[in-house]
Amino acid sequence: MGFRYYYADRIREKMPGFRGTDEELQSAIDDISLLYNSAIKEVETRLDILSDDFDKKHSYMPIHHVQSRLKTFESIIEKATRYGIEDPLNNLDMVRREILDIAGIRVVCNYEEDLLTMSGLLLSQEDIEMIRVKDYCDNPKESGYRSMHVVVAVPVYLVNKRKMVPVEIQFRSVMMDAWASLEHELRYKNKGQLAQEIVDTLKECAENLHEMDERMSRVRHEVLKTGNKYSDY
Ligand code: 0O2
């Protein structure tokens, strides 16, 4: 199976606590790989179609780029432990109910206003269920982080059943994404520890970029008003 990248023997080495056989562990993790990789494909395809249709109708593509990732098995188990799930390796059904970002998609839009357009279009699809929204655009995190996190459940059609699978979608503007990517790298390089002065500077940078986001959006609207190929949007 091309999509499988969790291996039972490697997981056994790092986490020896699984009580079943290797075959049972492999089957459980294949199930996770298949479901969540499929859910990512499903959402990516829907976003692609929406983007193409939006372009056709308005001569404008709100999405700058899309990234996706499947959480590693180790970090799923680590997060489950952090969330207080007892013996997560032997309670994978509970882990799948509680950990909602096993499948993650980042939709980077041009401007902040595009976030609502794209999330609204996706959420209005009748077979998509909204699980939760965390709006860090209007309420940025203490670090300065801005983004809109939407968890949806999407249908995945298997051979003889349909499964609703949760996917966390982070909608960000280009400016929000630039800040988050650089800040994440700096934090990661320093193993999560940054001096207070650096933290303050990064927060200030986030605020400056937010201001820039708003200015760029105003410029865009000026350009639209003067009439050009986007004038019907
Ligand atoms: P990855 O690989 O990016 O997904 P948690 O805090 O994870 O226990 P929850 O509810 O998932 O619980 O947290 P939250 O804060 O809603 O979303 C976590 C994700 O948002 C992070 O994923 C980052 O992608 C992003 N994020 C949140 N805060 C910040 C921040 O201050 N800086 C940056 N750069 N990104 C942030 P992970 O878990 O880091 O991993």
Side-chain angles (χ1 to χ4, degrees), residues 3 5-6 14 29 32-33 35-37 39-41 43-44 47 63-86 88 91-92 94-109 112 115-116 118-119 122-123 129-154 165-210 212-213:
F3 51 77
Y5 49 96
Y6 302 146
K14 289 188 185 159
I29 58 190
I32 294 178
S33 287
L35 280 179
Y36 290 88
N37 274 315
I40 287 172
K41 285 187 208 159
V43 175
E44 281 181 336
L47 287 166
I63 299 180
H64 188 271
H65 66 274
V66 175
Q67 293 171 311
S68 60
R69 67 102 184 91
L70 188 67
K71 221 175 179 59
T72 64
F73 195 77
E74 286 93 327
S75 73
I76 296 171
I77 298 299
E78 180 275 312
K79 186 165 181 177
T81 308
R82 192 153 40 87
Y83 271 42
I85 298 173
E86 236 174 85
N91 283 301
L92 289 173
M94 164 90 86
V95 170
R96 278 166 46 172
R97 277 198 299 277
E98 297 296 322
I99 307 302
L100 297 177
D101 67 342
I102 295 175
I105 298 191
R106 194 166 284 157
V107 183
V108 182
C109 296
E112 189 168 345
L115 273 53
L116 275 183
M118 289 318 296
S119 57
L122 191 68
L123 287 171
E129 284 169 17
M130 222 258 281
I131 298 180
R132 70 162 198 225
V133 178
K134 286 189 188 174
D135 187 350
Y136 300 125
C137 296
D138 286 343
N139 305 294
K141 290 186 100 167
E142 188 48 36
S143 59
Y145 176 78
R146 280 189 159 83
S147 182
M148 181 164 55
H149 293 190
V150 180
V151 179
V152 295
V154 290
V165 183
V167 179
E168 184 190 79
I169 312 174
Q170 299 181 347
F171 290 93
R172 298 175 175 175
S173 68
V174 168
M175 301 286 182
M176 293 173 191
D177 188 56
W179 182 90
S181 305
L182 298 178
E183 190 261 3
H184 184 269
E185 213 225 341
L186 292 170
R187 206 177 273 278
Y188 181 81
K189 274 203 177 123
N190 284 275
K191 300 187 174 66
Q193 301 296 319
L194 290 173
Q196 190 55 46
E197 201 188 326
I198 304 280
V199 171
D200 294 343
T201 308
L202 285 170
K203 192 170 178 176
E204 206 183 304
C205 290
E207 279 153 19
N208 291 344
L209 280 167
H210 177 55
M212 206 59 76
D213 228 346

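Atoms within each ligand, like the ligands themselves, are counted from 1 in listed order.
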Show me which atoms of ligand 1 lie under 4.0 Å from any heavy atom of Ala180. 34 (N)
Name the closest protein heavy atom to atom 9 (P) of ligand 1, giving the residue it belongs to and the distance to 0.1 Å. Lys134 NZ, 3.6 Å
List the atom of Ala180, the atom of Tyr145, and the distance in Å for their closest heavy-atom pair. CB-CE1, 3.8 Å
Would you tell me which option among Gln67, Arg69, Lys79 has the nearest heavy-atom contact to atom 11 (O) of ligand 1? Lys79
Protein heavy atom at shortest distance from atom 21 (C) of ligand 1: Gln170 NE2, 4.3 Å
Any side-chain to backbone donor/acceptor pair from Asp135 onto Asp138? Under 3.5 Å, distance only. yes
Will you find, in the side chains of Arg172 and Tyr136, an N or O donor that is under 3.5 Å from an N or O acceptor? no
Any heavy atom of Glu142 closer to ligand 1 than 4.0 angstrom? no
How close does the nearest protein non-hydrogen atom get to atom 16 (O) of ligand 1, and which residue and atom is it? Tyr136 OH, 2.8 Å
Below 4.0 angstrom, N of the basic side chain to O of the carboxylate: do Glu78 and Arg82 qualify? yes
Got the closest protein heavy atom to atom 20 (O) of ligand 1, with its distance? His149 CE1, 3.0 Å
Please evaluate residues Asp200 and Gln196 with respect to the criterion side-chain hydrogen bond (donor to acceptor under 3.5 Å, both in side chains), reporting the C-alpha separation (whole Å), side-chain torsions for both, the decisive distance (0.1 Å), and the verdict. CA-CA 6 Å; Asp200 294 343; Gln196 190 55 46; 2.9 Å; yes
Nitrogen or oxygen of Arg82 less than 3.5 angstrom from that of ligand 1: yes
So, Ser143 and Glu183: side-chain donor and acceptor under 3.5 Å apart, yes or no? no
From atom 12 (O) of ligand 1, work out which of Tyr145, Trp179, Tyr83, Tyr188 has a heavy atom at the shortest distance. Tyr83
Ile40 and Arg69 have their tightest heavy-atom pair at CD1-O, 3.6 Å
Are any of the N or O atoms of Glu183 closer than 3.5 Å to those of ligand 1? yes
Candidate with minimal heavy-atom separation from atom 38 (O) of ligand 1, of Arg187, Lys71, Arg132: Lys71
Closest protein heavy atom (residue, atom, distance) for atom 15 (O) of ligand 1: Lys141 NZ, 2.3 Å
Taking atom 31 (O) of ligand 1 as the reference point, report whether a protein heavy atom occurs under 4.0 Å from it. yes
